Amino acid sequence: MKTTLKLGVLGSGAGSNMQSIVDAIDRGELDAEIRLVLSDVKDAYILERAARHGIPARWIDCSPWKTRLDTTGEEEAIRLLREAGCDTVVLAGFMRIVKPRLLAAFPMRVLNIHPALLPAFPGIESWRQALDYGCKVAGVTVHFVDAGTDSGPIIVQKSVPVMEDDTPETLHARIQVQEHVAFPEALRLLSEGRLKVEGRRVRIAPPQA
Ligand code: GRF
């Protein structure tokens with residue numbers, strides 16, 4: 001069934017992925033609205049970007065541990081996302097591991113973008129991991145979030161060639177170009193009701209006429 005996605009976006013950084021979603025909506029390529037943007041980083045540029053687009057955006061106080069969403073932060077996030085009427089949660093460069101309570105609040109409706117071809121190189125700075133490993137191909141994955149780290153069923157992947165003169169920065173920049181294609185594409189498939197999860201596999205139905 002086709003639906004207009006009501007998105008809540010969680011991010012910790014510049015928010016270029018959120019921008020790609022805003023742009024896809026504006027171009028009429030994605031049937032969605034961003035209801036709320038939350039960040040665990042007070043001065044993250046994603047909050048400013050959201051405000052510039054008139055999207056409600058706010059900082060949430062998370063745990064002092066940089067990589068986890070503690071229970072208080074998680075409950076606050078769930079409350080705010082529900083209040084805003086969100087039905088789908090987008091982790092767009094959110095640098096904390098979300099916990100089962102948030103996943104249970106939005107079952108199979110939490111999506112993450114990871115800058116690698118999973119299951120290779122989960123975790124942080126995966127573009128650097130790919131380069132250090134000597135990969136000739138790197139990439140990006142959009143997946144449903146499950147209780148593991150970067151381990152949920154895969155929706156969309158894009159490959160990115162590794163160039164001879166790549167540095168971590170140049171490779172990451174090239175990966176980000178594909179991130180900005182992959183995230184709106186995955187969300188469009190979701191909004192068009194074309195995703196069916198069968199165990200680890202996400203089946204993509206053909207577009208409806
Ligand atoms: C992206 O590379 C994303 O894959 C990673 O963090 C970065 C966030 O970028 N997890 P932005 O904040 O969307 O610009």
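Order of appearance sets the numbers: ligands from 1, and atoms from 1 within every ligand. Quick caveat: nothing in here was measured; it's all calculated off a predicted structure.
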Quick one: ligand 1 N/O to protein N/O pairs below 3.5 Å?
| residue | atom | partner | partner atom | Å |
| --- | --- | --- | --- | --- |
| ligand 1 | 2 (O) | His172 | NE2 | 2.8 |
| ligand 1 | 2 (O) | Gln176 | NE2 | 3.3 |
| ligand 1 | 2 (O) | Glu179 | OE1 | 3.3 |
| ligand 1 | 2 (O) | Glu179 | OE2 | 2.8 |
| ligand 1 | 4 (O) | Glu179 | OE1 | 3.3 |
| ligand 1 | 4 (O) | Glu179 | OE2 | 3.0 |
| ligand 1 | 9 (O) | Gln176 | NE2 | 3.2 |
| ligand 1 | 12 (O) | Ala14 | N | 3.2 |
| ligand 1 | 12 (O) | Gly15 | N | 2.8 |
| ligand 1 | 13 (O) | Ser16 | N | 3.3 |
| ligand 1 | 13 (O) | Asn17 | N | 2.9 |
| ligand 1 | 13 (O) | Asn17 | ND2 | 2.8 |
| ligand 1 | 14 (O) | Gly15 | N | 3.4 |
| ligand 1 | 14 (O) | Ser16 | N | 2.8 |
| ligand 1 | 14 (O) | Ser16 | OG | 2.5 |

Met95 backbone acceptor or donor facing Ser12 side chain under 3.5 Å: yes
Leu118 backbone acceptor or donor facing Thr141 side chain under 3.5 Å: yes
Short side-chain donor-acceptor distance under 3.5 Å, Gln19 and His180: no
Nearest heavy-atom neighbours spanning Thr4 and Glu33: CG2-OE1, 4.1 Å
Ion pair Asp87/Arg35, N-O distance below 4.0 Å: no
Side chain Glu179, main chain Val140, donor-acceptor under 3.5 Å: no
